[in-house]
Enquirer: 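Sending over a structure as structure tokens; questions will come in a sec.
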There are 2 protein chains.
Amino acid sequence: MNREHATAQSARSSFGGGFAVDVRIVLLTVHDGSLSVAALPDGDGWQLPRGVPLASMPLDSAARLLLAETTGLHEDYLEQLYTLHVNDGDDWIVLISYLALVASGSGLPVTEAVWLAASSTGFGDVDRMVLDYAIVRLQAKLGYTTVAFHLMPEQFTLTELQDVYETALSMQLDKRNFRRRIIASGMLEQLDEKRRDGSHRPARLYRFRAGHDPQAYLTPQWADGA
Amino acid sequence: MNREHATAQSARSSFGGGFAVDVRIVLLTVHDGSLSVAALPDGDGWQLPRGVPLASMPLDSAARLLLAETTGLHEDYLEQLYTLHVNDGDDWIVLISYLALVASGSGLPVTEAVWLAASSTGFGDVDRMVLDYAIVRLQAKLGYTTVAFHLMPEQFTLTELQDVYETALSMQLDKRNFRRRIIASGMLEQLDEKRRDGSHRPARLYRFRAGHDPQAYLTPQWADGA
DNA sequence: CCAAAAGTGTTCTCGATACACCCATGT
DNA sequence: ACATGGGTGTATCGAGAACACTTTTGG
């Protein structure tokens with residue numbers, strides 16, 4: 001690599017004085033069979049987990065920290081979505097939005113935080129836009145990545161995996177085709193155990209094969225922290 | 001839409017005091033048959049067009065303005081890439097990167113600005129990362145969008161279009177398959193004129209059909225300015 | 001008539017879709 | 001024995017890749 005022209009660069013570029021910066025996180029999961037988002041009460045409505053990032057750490061780390069503070073959860077997946085400049089009253093705020101995922105069934109340790117159906121009303125306009133965009137991104141990524149991994153517990157059956165896909169995509173999928181594709185992709189590892197949970201044939205358990213999360217090409221390799 | 005809980009939101013979130021914010025723009029084009037990037041001299045190396053955005057406008061507009069100031073060009077396409085928090089000497093800077101495109105053959109009115117081959121050395125580490133990522137994004141988008149449009153002049157031949165694709169992708173394409181796909185996509189409009197430019201059969205001219213730039217789903221619809 | 005780029009069709013492979021029945025278990 | 005969800009195979013279609021010759025012009 002080349003040396004960094006840090007001095008010349010900063011001399012010319014930095015110091016715009018002070019921008020207000022705000023991080024907002026769309027934390028999604030599948031909860032009770034519907035795509036759900038973590039929300040905090042805000043007056044008579046709801047808001048997304050948010051906060052001002054600490055100044056001296058990568059943004060991703062700051063987002064993780066804020067998410068832990070507001071919801072008590074450590075996400076399984078975090079991806080930057082988009083940066084906006086919004087007019088909030090008199091001031092303009094630089095707003096950096098993130099998509100985070102946790103495994104289906106995760107509780108919310110922080111008492112005020114709740115899971116809402118992703119289609120719920122009661123969010124502010126900006127939060128609503130960010131939330132809608134997060135859903136679009138998640139759906140797109142389910143198609144060509146293994147993000148679904150981060151919505152699943154350690155072990156699961158193929159039917160459970162299909163349910164998560166169907167919920168997140170709000171679309172029915174063919175069982176045989178789904179299984180064929182998933183197996184063919186090589187991202188699953190078959191376990192020996194089976195799950196017995198009713199008066200019917202037990203289901204074989206699977207887990208995701210290590211090193212099978214290409215993380216997609218939408219997020220740069222470095223992804224902050226440089 | 002729901003009312004915005006602006007007061008409650010800002011009370012809780014804003015005021016992190018002052019973050020230094022910097023915008024960097026990767027302006028790409030095809031120049032002399034190679035993928036090229038607009039660069040400005042920086043000591044004995046080069047830097048990307050950059051600057052501090054004006055505080056009271058959407059980031060996209062600020063980026064456009066900075067690009068015009070530094071290169072004298074008005075881009076045909078602008079897309080946000082990624083936001084980083086980088087450690088520049090003692091200070092941390094919030095760095096918002098953009099990808100911009102202009103038509104092949106555009107000159108650079110500002111005297112210091114030059115077109116460099118996109119693979120050139122002499123950029124700082126951060127600029128290099130941002131540049132590499134911009135190229136990956138452009139290549140990915142050529143596959144499933146009509147961004148190539150913004151790299152072409154008003155009218156062009158199929159061979160010229162193919163040349164741009166081949167340059168940007170650094171990959172050879174089959175002439176017949178390329179034409180079939182491009183025509184089948186319906187994004188081109190055949191013109192009556194032909195271009196005579198040598199001792200050989202003249203080529204039919206095309207232009208992009210209006211309203212055929214789905215702008216991809218990677219960029220949110222609102223894309224700033226809310 | 002020769003050089004140079006424009007233009008044009010067919011075959012093959014592979015991934016995606018549609019679709020219906022038998023299997024293992026608990027009660 | 002029956003109800004319940006688990007599990008499997010085959011035929012069809014369309015998109016993408018490989019591949020070579022004829023056409024039109026200027027010199």
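Below, read A as the first sequence line, B as the second, and so on, with proteins coming before strands; counting in each chain starts at 1.
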Enquirer: Arg204(A): what forms a salt bridge (Lys or Arg N to Asp or Glu O under 4.0 Å) with it, not counting sequence neighbours?
Expert: none
Enquirer: Rounded to the nearest angstrom, tell me the gap between atom CG in Leu205(B) and atom C1' in dG7(C).
Expert: 15 Å
Enquirer: What is the separation between atom CD on Gln190(A) and atom P on dT8(D), rounded to the nearest whole Å?
Expert: 8 Å
Enquirer: Can you check the Leu173(B) CG to dA18(D) P distance for me, whole Å?
Expert: 11 Å
Enquirer: Tyr144(A) has an atom OH; how far is it from atom P of dA16(C), in whole Å?
Expert: 16 Å
Enquirer: Check whether more than 12 heavy atoms from other residues, nucleotides or ligands sit under 6.0 Å from atom NE2 of His200(B), and answer yes or no.
Expert: yes
Enquirer: Could you tell me which residues satisfy side-chain hydrogen bond (donor to acceptor under 3.5 Å, both in side chains) with Ser61(A), sequence neighbours excluded, listed by chain and number?
Expert: none
Enquirer: Between Gln162(A) (CD) and dG7(D) (P), how many Å, whole number?
Expert: 11 Å
Enquirer: Whole angstroms only, please: what is the CZ-P distance between Arg181(A) and dC14(C)?
Expert: 18 Å
Enquirer: Expressed as a whole number of angstroms, how long is the span from Asp197(B):CG to dA4(C):C1'?
Expert: 10 Å
Enquirer: Quick one, give me the B/S/- string for nucleotides 18-27 of chain C, reading 5' to 3', where B means a protein heavy atom under 4.0 Å from the base and S means that only happens at the primed atoms, P, OP1 or OP2.
Expert: BBB--BBBB-
Enquirer: With sequence neighbours excluded, tell me which residues meet side-chain contact (heavy atoms from CB on, under 4.5 Å) with Pro153(B).
Expert: none
Enquirer: Just to verify, what does Arg180(B) make a side-chain hydrogen bond (donor to acceptor under 3.5 Å, both in side chains) with, not counting sequence neighbours?
Expert: Asn177(B)
Enquirer: Considering only residues two or more places apart or on different chains, which pairs with a residue in residues 27-37 of chain A satisfy side chain to side chain donor-acceptor pair (under 3.5 Å)?
Expert: none
Enquirer: Kindly write out the residues that satisfy side-chain contact (heavy atoms from CB on, under 4.5 Å) with Ser199(A), not counting sequence neighbours, or none if the list is empty.
Expert: none
Enquirer: Taking any heavy-atom pair under 4.0 Å as a contact, classify Arg179(B): base, sugar-phosphate, or nothing.
Expert: base
Enquirer: Parallel under 30°, tilted from 30 to 60°, perpendicular over 60°: which one fits the rings of Phe208(B) and Phe149(B)?
Expert: perpendicular
Enquirer: Who pairs with Tyr206(B) by ring pair (Phe, Tyr, Trp, His ring centres under 6.0 Å), at least two apart in sequence or on another chain?
Expert: none
Enquirer: side-chain hydrogen bond (donor to acceptor under 3.5 Å, both in side chains) with Ser170(A): which residues, sequence neighbours excluded?
Expert: none
Enquirer: Separation of Phe178(B) atom CZ from dG7(C) atom P, in whole Å?
Expert: 12 Å
Enquirer: For the helix from dC1(C)-dG27(D) to dT27(C)-dA1(D), what angle lies between the axis at the first five pairs and the axis at the last five pairs, to 10 degrees?
Expert: 10°
Enquirer: Each nucleotide N or O in nucleotides 13-15 of chain D that has a protein N or O under 3.5 Å away: list the pair and distance.
Expert:
none

Enquirer: Under 4.0 Å, heavy atoms only, any strand: does Thr157(B) hit a base, just the sugar-phosphate, or nothing?
Expert: nothing
Enquirer: Considering only residues two or more places apart or on different chains, which pairs with a residue in residues 152-166 of chain B satisfy salt bridge (charged side-chain N to carboxylate O under 4.0 Å, His left out)?
Expert: Glu160(B)-Arg195(B)
